[in-house]
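Okay, so here's the structure we're looking at.
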Amino acid sequence: MEFHELLEQIGVDAPATVARLGGMESILRRFILKFPQDPTFSALAQAYDIRDMEALERHVHTLKGLTANLGIEPLRQLSAAYLEQIRNAVPPGELTTYQRQLTQEYRRVTQSITQFLAEQTG
């Protein structure tokens with residue numbers, strides 16, 4: 001698989017994102033390939049599990065910004081919707097659907113990236 005195919009698979013508008021990064025695809029590549037190592041999602045999941053709404057809001061906001069910068073649009077959209085619910089003080093028990101959807105998409109994206117990396121080194 002080529003890098004541009006990975007970007008399509010995970011929902012990145014490559015031309016727009018590369019343009020936002022000053023035309024340097026190498027920067028996008030470096031940060032996309034490091035995305036699975038970022039600790040934000042695991043911190044988000046932990047905050048959700050212990051119902052720490054302040055930390056959950058902070059981590060969802062961070063994930064939204066990170067995915068916006070990288071152009072990972074499906075994750076950005078889910079993060080934005082989740083963040084809106086948190087800021088509207090939706091009870092933690094009613095956030096389960098948002099957490100589940102975000103987790104599913106996060107896993108899909110990180111598995112795609114991990115598979116791409118394995119193919120490149122294998």
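Residues take their numbers from the sequence shown, with the count starting at 1.
How far NZ of Lys64 is from CG of Leu102: 13.0 Å, rounded to the nearest 0.5 Å. Rounding to the nearest 0.5 Å places CD1 of Ile86 at 3.5 Å from CG of Leu56. Taken to the nearest 0.5 Å, the CD atom of Gln101 stands 11.5 Å off from the OG atom of Ser79. Here the CG-CG distance, from Leu78 to Leu83, works out to 12.5 Å after rounding to the nearest 0.5 Å. Here the CG-CG distance, from Leu7 to Leu28, works out to 5.5 Å after rounding to the nearest 0.5 Å.
In terms of the salt bridge (charged side-chain N to carboxylate O under 4.0 Å, His left out) criterion, residue partners of Arg108 (sequence neighbours excluded) are, by chain and number, Glu105. With sequence neighbours excluded, the residues that form a salt bridge (charged side-chain N to carboxylate O under 4.0 Å, His left out) with Glu57 are Arg87. Annotation: salt bridge (charged side-chain N to carboxylate O under 4.0 Å, His left out) contacts of Arg51 (sequence neighbours excluded): none. With sequence neighbours excluded, the residues that form a salt bridge (charged side-chain N to carboxylate O under 4.0 Å, His left out) with Glu73 are Arg76.
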Can you list the steps and then say if Leu33 with Phe116 is a side-chain contact (heavy atoms from CB on, under 4.5 Å)?
-> CA-CA 9 Å; Leu33 297 182; Phe116 174 81; 3.6 Å; yes
Could you give me the CA-CA distance, side-chain angles and deciding distance for Met1 and Gln9, then say whether side-chain contact (heavy atoms from CB on, under 4.5 Å) is met?
-> CA-CA 10 Å; Met1 175 188 322; Gln9 187 175 36; 3.4 Å; yes
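At a threshold of 4.5 Å between non-hydrogen side-chain atoms, the residues Val12 and Leu70 do not count as touching. With a 4.5 Å cut-off on side-chain heavy atoms, Phe3 and Ile32 count as touching. Counting heavy atoms from C-beta outward, Leu66 and Ile72 have side chains that stay 4.5 Å or more apart. Taking the side chain as every heavy atom from C-beta outward, Gln85 and Val60 never approach each other to under 4.5 Å.
The 12-atom threshold is not exceeded at CD of Gln104, counting heavy atoms of other residues, nucleotides or ligands nearer than 6.0 Å. The environment of Glu119 atom CD is dense: over 12 non-hydrogen atoms of other residues, nucleotides or ligands sit within 6.0 angstrom.
For the ring pair (Phe, Tyr, Trp, His ring centres under 6.0 Å) condition, the pairs that include at least one residue of residues 10-57, sequence neighbours left out, are Phe35-Tyr106, Phe41-Tyr106. Within the structure, no pair that satisfies the side-chain hydrogen bond (donor to acceptor under 3.5 Å, both in side chains) test touches residues 10-36, not counting sequence neighbours.
Within the 3.5 Å criterion, the main-chain N or O of Thr40 finds a donor-acceptor partner in the side chain of Asp38. Distance alone, capped at 3.5 Å, is enough to place a donor-acceptor pair between the Glu5 side chain and the Glu2 backbone.
Counting all heavy atoms, side chain and backbone alike, Ile10 lies closest to Ser112 at CG2-CB, 3.7 Å. Taking every heavy atom of both residues into account, Val90 and Glu94 meet most closely at CG1-CB, 3.5 Å.
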